[in-house]
Amino acid sequence: MSGASELPKREEEEEVTPEPEEQSDDSSEDEASGEMDFLRNLFSSTLGLGSAEKVLDELTLDGVARYINSGKCKNIICMVGAGISTSAGIPDFRSPGTGLYANLQKYNLPYPEAIFQIDYFKKHPEPFFALAKELYPGQFKPTICHYFMKMLKDKGVLRRCYTQNIDTLERVAGLEGEDLIEAHGTFYTSHCVSFCCRKEYNLDWMKEKIFSDDIPKCDKCSSLVKPDIVFFGENLPVRFFTSMKMDFPRCDLLIIMGTSLQVQPFASLVGRVSKSCPRLLINMEKTGQADPLLGMLGFGGGMDFDSDKAYRDVAHISTCDDGCLALADLLGWKAELEALVKQEHARIDSQDKKEKDSESKGAAAKASSASAAPEPKAEE
Ligand SMILES: [Zn+2]
């Protein structure tokens, strides 16, 4: 195998940071090299070629913290799922097993998944918007975990956050479009479904429609308007694929939080980092481990926390908030993180209060003219 000598290439590559080419997002050369890195990693792990460098001095949270503090770690990718938002009171909108599908009977769907299917939605949008109203969070208050990611950004070590969540809490916490890949789309923006129009609408506009039981219609062309979340039968955002090829080969620490890594293609991302890239899982249970059968066939790429061969994967079993606090503590960032959370939550509370005050003024005015009691808005 002539290519074997090329395989353990990470060591020489380490010093060469390919900064300039990072800007050209859709250069096909970059995509090709990302693809090559992926294939190289796949083959080298399949054939047991190339000595994977052991980067962490210890497979623990302490080991990860020492690595981050060493200054060698500058391209952290976070992969996150519903588990990071549960402490914010956000229901898991799509995943089965959360009781959501059991709740759908009243909508008379042909089958439960239809509510998130694009073809069904275009004909019968009512059930989706009724559910959206029912599940609409009373408050958008990011969690400790969200603010931990904001801190990674502020410290200049966050390459990107790949989220499966559509609740926009990453944005509320201060991550911007460039920092984020919303793999399953987002409620943050909506678009007219007409291909000729595609007019964009914001969250406030959509919220107003949802709460007034109006089916959102485009004010330009009267077509349906749909939040930019990815329905079944729709493609993932193009940016997911282009960024993935750029980001993962260059990642030097992967932090996976609050996801059971069940949904593809998201779950397969863990196998796209280099062979020596450490991977930290913060979750209520171990997940993402290699399927033994697939492993025998050479399609591994799964995580290995416990075997004799484990060398880079760390599992911290806890809530995402507790895990992030523990890591922040080891990094010496805990006080800063707690101050950030406190300050931002206070800001959101005062904003909410202003909104509620103006809402209740409006409602009181309505009530006095219609002699009806103002409807109290559900908290949290
Ligand atoms: Zn339109």
Side-chain angles (χ1 to χ4, degrees), residues 25-26 85 90-95 100-101 104 106-140 161-172 175-244 263 265-266 351 355 358-359 362-363 366 377:
D25 237 320
D26 21 18
S85 291
I90 307 274
D92 188 348
F93 205 77
R94 284 171 41 134
S95 306
L100 172 63
Y101 284 91
L104 294 176
K106 57 188 164 205
Y107 300 123
N108 289 319
L109 299 161
Y111 47 93
E113 291 83 2
I115 201 163
F116 296 119
Q117 240 143 24
I118 190 65
D119 293 338
Y120 184 84
F121 172 80
K122 283 182 178 168
K123 283 181 221 133
H124 309 282
E126 300 82 7
F128 171 78
F129 286 113
L131 182 71
K133 184 182 180 183
E134 191 181 328
L135 297 182
Y136 205 93
Q139 230 186 1
F140 286 88
C161 167
Y162 283 70
T163 181
Q164 294 175 281
N165 300 342
I166 56 170
D167 55 37
T168 75
L169 288 186
E170 296 90 0
R171 289 180 191 254
V172 180
L175 297 189
E176 290 161 59
E178 185 56 27
D179 310 316
L180 265 178
I181 302 294
E182 289 155 324
H184 296 166
T186 177
F187 250 94
Y188 191 70
T189 49
S190 299
H191 280 88
C192 170
V193 297
S194 159
F195 287 113
C196 329
C197 174
R198 299 295 292 154
K199 187 177 175 188
E200 185 172 312
Y201 294 87
N202 66 21
L203 185 60
D204 286 338
W205 184 90
M206 180 53 77
K207 185 185 175 187
E208 203 271 319
K209 296 288 175 196
I210 289 175
F211 278 90
S212 53
D213 296 315
D214 269 352
I215 296 302
K217 292 275 170 67
C218 180
D219 50 30
K220 212 169 127 196
C221 75
S222 303
S223 299
L224 201 55
V225 178
K226 179 181 111 17
D228 293 343
I229 59 174
V230 179
F231 276 47
F232 297 126
E234 285 190 301
N235 291 324
L236 266 57
V238 174
R239 259 187 86 226
F240 173 83
F241 296 101
T242 50
S243 299
M244 166 187 91
V263 181
F266 194 84
Q351 226 172 35
E355 269 174 37
S358 68
E359 261 173 41
K366 241 190 213 171
K377 220 182 140 226

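Read the numbers this way: they start at 1 and go in the same order the structure lists the ligands and their atoms.
- Using a 30° and 60° split on the angle between ring planes, F240 and Y162 fall in the perpendicular class, above 60°.
- Between the side chain of R171 and the backbone N or O of L180 there is no donor-acceptor pair closer than 3.5 Å.
- The number of protein N/O/S atoms found under 2.8 Å from the Zn ion (ligand 1) is 4.
- A donor and an acceptor atom, one from each side chain of T163 and E170, are located under 3.5 Å apart.
- Proximity of P227 to F129: side-chain heavy atoms (C-beta onward) are separated by under 4.5 Å at one or more points.
- Ring planes of F140 and Y136: perpendicular class, angle over 60° (limits at 30 and 60°).
- F232 and E113 make their closest contact through CD1-O, 4.0 Å (heavy atoms, listed as atom of the first residue, atom of the second, distance).
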